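Worksheet: the structure to be examined is printed underneath.
Keep in mind the model is a prediction, meaning the values are calculated, not measured. Within every chain, numbering begins at 1; the chains are lettered A, B, ... in the order of the sequence lines, protein sequences first and strands thereafter.
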Number of protein chains: 4
Amino acid sequence: MAGTKDGNGNGGAKPVAQRLLATATKLFAEQGYDRTSVQEIVDAAGVTKGALYHYFGSKDDLLHEVYGRVLRLQQERLDHFADADAPVERRLRDAAADVVVTTIENLDDTKIFFRSMHHLGPEKDKQVRAERRRYHERFRALIEEGQRAGVFAAGIPADLVVDYHFGSVHHLGTWYREDGPLSPQQVADHLADLLLRALRP
Amino acid sequence: MAGTKDGNGNGGAKPVAQRLLATATKLFAEQGYDRTSVQEIVDAAGVTKGALYHYFGSKDDLLHEVYGRVLRLQQERLDHFADADAPVERRLRDAAADVVVTTIENLDDTKIFFRSMHHLGPEKDKQVRAERRRYHERFRALIEEGQRAGVFAAGIPADLVVDYHFGSVHHLGTWYREDGPLSPQQVADHLADLLLRALRP
Amino acid sequence: MAGTKDGNGNGGAKPVAQRLLATATKLFAEQGYDRTSVQEIVDAAGVTKGALYHYFGSKDDLLHEVYGRVLRLQQERLDHFADADAPVERRLRDAAADVVVTTIENLDDTKIFFRSMHHLGPEKDKQVRAERRRYHERFRALIEEGQRAGVFAAGIPADLVVDYHFGSVHHLGTWYREDGPLSPQQVADHLADLLLRALRP
Amino acid sequence: MAGTKDGNGNGGAKPVAQRLLATATKLFAEQGYDRTSVQEIVDAAGVTKGALYHYFGSKDDLLHEVYGRVLRLQQERLDHFADADAPVERRLRDAAADVVVTTIENLDDTKIFFRSMHHLGPEKDKQVRAERRRYHERFRALIEEGQRAGVFAAGIPADLVVDYHFGSVHHLGTWYREDGPLSPQQVADHLADLLLRALRP
DNA sequence: TATGAATGAGAGTTCATTCAT
DNA sequence: GATGAATGAACTCTCATTCAT
């Protein structure tokens, strides 16, 4: 009768679907999507394959869930900072720093996202690219706004600047360690600072 | 060690081993290492599996050859520019621009390198990491030299600056297109410029 | 307490068991028994798996219901025509034509019957074969009666004639189309006529 | 050391591909295509799954090989008898009898053919239907020729007569037993006789 | 040198059935 | 009566690698 499954001998308290997704995320980030077998996922989550396929249509579906989470989160946060009532330098700095913090806080998801984008089938690929582009363009608009206002250097293609900054975000998964010398916020402040300094006229 | 195996009547002009490596590189870059089967490689190269296993001990060996090529090339070029007789700003700018051009000119290799590093077994991993670190440190030394000389801003951790720049290099594989509006040299100049501007005191 | 299940919010008017059987029959005929999953059946019938297993012990049970229906119906009709008070030519012609019409009118059931007989387990197989044999023998008796009476050619084994005619009945599922040029009754008349002509002395 | 594989402990002397096809044919005829697993086939043939997939692209491919064999054989033989230099009654009788003998001699293949036609994918289905139609039309032409010449009854649609006869051929798989009272030739003669008698004016 | 048949382990997925609710 | 989450076994197919020739 109890609504939750807490306390049964099943080895995990969380609902099965959530547990599977969390487990898959961790393993995909550690080993890569292709190197992680469905069997490993279900073993680690303490269920059987049938259970996984009850909740997810395929192994790919698990990946898409992660993608969706990352894309939604980042778009929301960018919109929030870009719409703020503040000078464009402030808005760009805040947005640039926030994406760094958010990325570090969800480093597993982000690693998977950047490493596995090429696994998408054609339709899903279209869709994800469209969402990526929307994000990219919102960011670029901020830079162009500053360039028109004369507060950012005008000689550099705004598109390239976006990729410049996102390169450093993308790269975080390669080098950032939780036990390193810098907190997420410190890394974020430094990277945002580098971006703003580079844009000084 | 023998450089060439020319002279067989196999139907392709290049020596078999070279043709296999080139084919594998292309396919790995397009589809990923795990998604590319040995059968695909030998079919595309116009040879049989036996031939591949005659020249390479395993599929992994092909990957390591690519790694080796990338690492050797980039280290050589960095050493060349860092050792030049010029002010540190010049040396850093040249090195930073050159790694961009070199990366774009070998984009397939670089894509494979960044995407597949996590496939390495423990021993090979150690070795590759050591070479990467050596490269990283050489680059960092340039930045620290500039900071000590007062020509670069001192408040920013030099390590972070290296990753900042390499993020944008790493990211090239994601967005750079041969038929885009910017030539490799133009992209390189812009990215080096952004780095140097960010480092202005 | 209500005899019917009309009026519940379930979306279908017929009792659940009947709806399941009708749906299963249609799908088995279209796709074959093995290619039709229990999930497909319950989805198409608008119920859940639990409901199916409440009414039927197994997927095989659904098949047996179809068999039973076909066998019972055909035996009844054959008995009816064979017992009539008419010359043997008339009785055979009527029976031969009727099985054609009845088969076409229940073409789904008949397709399933002929295609899936080999799915039966040993016990059920015995039982079905026994009923088939009874039917076959009743039909054969008519032919032998005519042969003894001298109205049918005597040189042909009666068993073979039965299989000859049933071949054409069995085959109907392969070629008969509702929208073809001949009505069920026309097909039946032609096939019965062919049989009677073949039996002319 | 022996060049052939005779006498090794492998369990079979024939080339692997032939052995696989023969084994699959037998099992498909006995149990049906869907009920026969690839594992059963390779176990019975004394090889491993990899070997099967080395020679055949898929389980379906095995089926298509059987189809191809049946279609080719029957078309050749029909053409042979229909093109003969003899009165039309003779040519029809010979063709009708021959298809019976050929079917019985390849009863496994024929069972599979008739039972599994609905497993074909859309493209293969088109192709097989086209070949079937060609066969059907050749046979029908013989009947129409006889009807025009006045040696066969004219009132019966020739298409229906073809299906009438092929029904009895199709049905052979259901009842014919090697150890029954009639030889293949005897069955063939009886069935051809029934057809010709039915066609008498 | 080079072949390609064959292996064997494991991949992702499906499915009839059960059972606590 | 009816649900649907979960099982567990079986399914087709893939693949890196080996080895007799």
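- A side-chain donor-acceptor contact under 3.5 Å links B/Glu40 to the backbone of B/Ser37.
- One interatomic measurement links the two molecules: NE2 of A/His54 to P of E/dT14, which rounds to 14 Å at whole-angstrom precision.
- Counting only Watson-Crick and G-U wobble pairs whose two distances sit under 3.5 Å, DNA chain E takes part in these stems of three or more pairs: E:2-21 with F:2-21.
- Residue B/Lys49 is classed as a base contact, given a heavy-atom separation below 4.0 Å to a base.
- The closest donor-acceptor contact from the side chain of B/Tyr67 to the backbone of B/Ser116 lies under 3.5 Å.
- Distance B/Leu52 CG to F/dT18 P: 12 Å, rounded to the nearest Å.
- Taking side-chain N and O atoms only, A/Tyr55 has no distance below 4.0 Å to OP1 or OP2 of F/dG4.
- Note: CG (D/Leu20) to C1' (E/dA5) measures 12 Å, nearest angstrom.
- Residues D/Val66 and D/Phe113 fail the side-chain proximity criterion, which asks for heavy atoms closer than 4.5 Å.
- The CZ-C1' distance, from C/Phe56 to E/dT18, rounds to 18 Å in whole Å.
- DNA chain E is contacted by no residue of residues 24-41 of chain B, taking any non-hydrogen atom closer than 4.0 Å.
- Side chain to side chain, B/Asp60 and B/Tyr33 meet the donor-acceptor criterion of an N or O pair below 3.5 Å.
- At least one cation-pi condition fails for B/Lys111 and B/Phe28: the charged atom is not both under 6.0 angstrom from the six-membered ring centre and inside a 45 degree cone around its axis.
- For the pair A/Asp109 and A/Arg69, the salt-bridge criterion is met [side-chain N within less than 4.0 Å of a carboxylate O].
- Counting to the nearest Å, the C1' atom of F/dT14 and the NZ atom of D/Lys59 are 17 Å from each other.
- Rounded to an integer number of Å, the gap from CG of B/Asp61 to P of F/dA16 is 14 Å.
- Comparing D/Thr48 and A/Ser58, the nucleotide of DNA chain E nearest to each residue sits closer to the 5' end for D/Thr48.
- Within the 3.5 Å criterion, the main-chain N or O of A/Phe114 finds no donor-acceptor partner in the side chain of B/Arg115.
- One can place CG of A/Asp43 at 14 Å from C1' of F/dT7, the figure rounded to the nearest angstrom.
- Along DNA chain F, the nucleotide nearest to B/Gly50 and the one nearest to A/Gly50 differ in position, and the one closer to the 5' end is contacted by A/Gly50.
- We find that CG of C/Leu63 is positioned 13 Å from P of E/dA16, with the value rounded to whole Å.
- Within the 4.5 Å cutoff, side-chain heavy atoms of D/Leu27 are placed close to those of D/Glu30.
- In this structure, B/Arg35 pairs ionically with A/Asp34, as a charged nitrogen and a carboxylate oxygen lie closer than 4.0 Å.
- Among the nucleotides E/dT7, F/dT18, E/dT18, the one closest to any side-chain atom of B/Tyr53 is F/dT18.
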